[in-house]
Amino acid sequence: MAALPHPDRPSAAAPAAPPAAVRRRMPGPARRRRIEDAALAVFGAKGYGAASMGEIAEAAGVTRSVLYEHFATKRVLFLTVLGEQNASLVAHMGAAITGRGGRHTRMRATVAAYFDFAEAHPVARRLLFDQTDEGDPELSAVRWGIRQTRTRSVMAMMAHDTERAGLDPRSPEAEVLIELLISSLDGVAQWWAHHPDTPRATLEAMAANVLWGGLERLNTPDDTPPAFSDLD
C-alpha cells in the first residue's frame with residue numbers, strides 16, 4: 001500500500017503557487033509623470049537650490065538611474081516642471097477669458113479661475129510666483145522668459161477686450177495692464193493664504209469689481225493714460 005503524503009509537506013509533483021502580486025514595470029510616460037509630480041512637491045517645499053535629485057527620486061519611488069534616464073540634470077527637470085505649471089495656469093485662466101458672456105462676466109470668471117488654480121495647486125502657485133531667489137542668472141533669465149510667455153499669452157486672449165478699452169492689444173500699455181491683472185490676483189491669493197477665514201466670494205467680487213472698474217475707466221477720454229513714448 002502506497003504511503004500517504006505528509007499533510008504538512010507539499011507533494012514534489014504539485015505546481016508552485018503563483019506569487020501574490022506580479023510586479024509590473026510602469027510605462028515610461030507614467031513614470032515620467034510621477035517624477036515630475038514628485039519634483040514639483042520637492043522644489044515647491046525646498047526651492048531649487050536646496051532640492052536634490054536623490055530626494056526627488058525617493059519621493060517618486062524610482063532609482064536615481066531611472067530618474068537620470070528621463071532628466072539629465074536637476075536644471076532640466078526644474079525648467080520642465082516650471083514650464084508645465086505655467087502652461088497649466090495659462091490654460092486654466094484662458095478657458096475663462098475666452099468663455100461666453102460679456103466682458104464683466106468673463107472678468108469675474110477669470111478672477112474665479114485664478115483662485116481655483118491657487119486653491120487647487122498651492123505648490124505650483126508658490127513655485128511660479130514666490131520662489132524667485134535661485135541666485136542663478138541663467139535660471140532667472142529663463143524664469144523671466146516664462147513670465148513674459150504667460151503675460152503675452154493672456155494679452156493675446158484679452159486682445160478684443162483691451163482694444164475695446166482703447167488700447168492697442170500689442171502695445172506696452174496693454175502688457176502693463178495684463179501684468180497688473182496677474183500680479184494683483186496673485187497678491188490677493190497670497191493674502192488669502194494668511195486670512196483663510198475670509199469668504200472666497202468676497203475676494204472674487206472685490207477683485208473683479210476693481211479690475212473691471214480700472215478697465216472701464218480706460219474708455220473715458222479724461223482718464224486715458226499717456227503713451228509710454230510721451231513720458232520723459
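Residue numbers run from 1 in the order of the sequence given.
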Side chains of [X] and [Y]: closer than 4.5 Å at any heavy-atom pair?
X      : Y      : answer
Met93  : Phe117 : no
Phe43  : Val123 : no
Tyr114 : Val188 : no
Leu40  : Glu84  : no
Phe78  : Ile56  : no
Glu163 : Asp168 : no
Leu79  : Leu139 : yes
Arg125 : Asp130 : yes

With rounding to the nearest 0.5 angstrom, report the [atom1] to [atom2] distance, [X] to [Y].
X      : Y      : atom1 : atom2 : result
Leu181 : Asp186 : CG    : CG    : 11.0 Å
Leu185 : Thr110 : CG    : OG1   : 8.5 Å
Gln148 : Met155 : CD    : CE    : 10.5 Å
Trp191 : Leu203 : CH2   : CG    : 6.0 Å
Asp136 : Arg143 : CG    : CZ    : 11.0 Å
Leu128 : Gln85  : CG    : CD    : 6.5 Å

Please find the pair of heavy atoms, one from [X] and one from [Y], that lie closest to each other, and give the distance.
X      : Y      : value
Pro169 : Ala174 : O-CB, 3.7 Å
Arg31  : His70  : NH1-NE2, 3.4 Å
Glu36  : Thr80  : OE2-CG2, 3.8 Å
Ala189 : Ala118 : CB-CB, 4.0 Å

Polar side chain donor-acceptor pair, Glu55 to Ser52, under 3.5 angstrom: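 There is such a pair between these side chains.
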Derivation of the side chain to side chain contact (heavy atoms under 4.5 Å, CB included) call for Asp116 and His121: CA-CA 8 Å; Asp116 281 343; His121 308 285; over 6 Å; no
Joint cluster assignment, Val76 & Val66, ILVMFWY side-chain distance < 4.5 Å: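 As far as the 4.5 Å side-chain criterion goes, Val66 and Val76 are connected within one cluster.
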ILVMFWY network linking Val90 to Trp144, side-chain heavy atoms under 4.5 angstrom: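 Cluster IDs for Val90 and Trp144 differ.
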Spell out, as yes or no, whether a donor-acceptor pair under 3.5 Å connects the side chain of [X] to the backbone of [Y].
X      : Y      : result
Lys46  : Ala41  : no
Arg200 : Ala112 : yes
Arg108 : Ala208 : no
Ser183 : Leu180 : no

Charged N-O contact under 4.0 Å between Glu179 and Arg147: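 Salt bridge: yes.
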Test side chain to side chain contact (heavy atoms under 4.5 Å, CB included) applied to Phe129 and Leu89, step by step: CA-CA 12 Å; Phe129 291 95; Leu89 171 60; 3.8 Å; yes
Pair Leu177-Glu173, side chain to side chain contact (heavy atoms under 4.5 Å, CB included): steps then yes or no: CA-CA 6 Å; Leu177 179 67; Glu173 291 87 350; over 6 Å; no
Enclosure of Glu58 CD (heavy-atom neighbours >12, cutoff 6.0 Å):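 Atom CD in Glu58 is not crowded, with 12 or fewer foreign heavy atoms closer than 6.0 Å.
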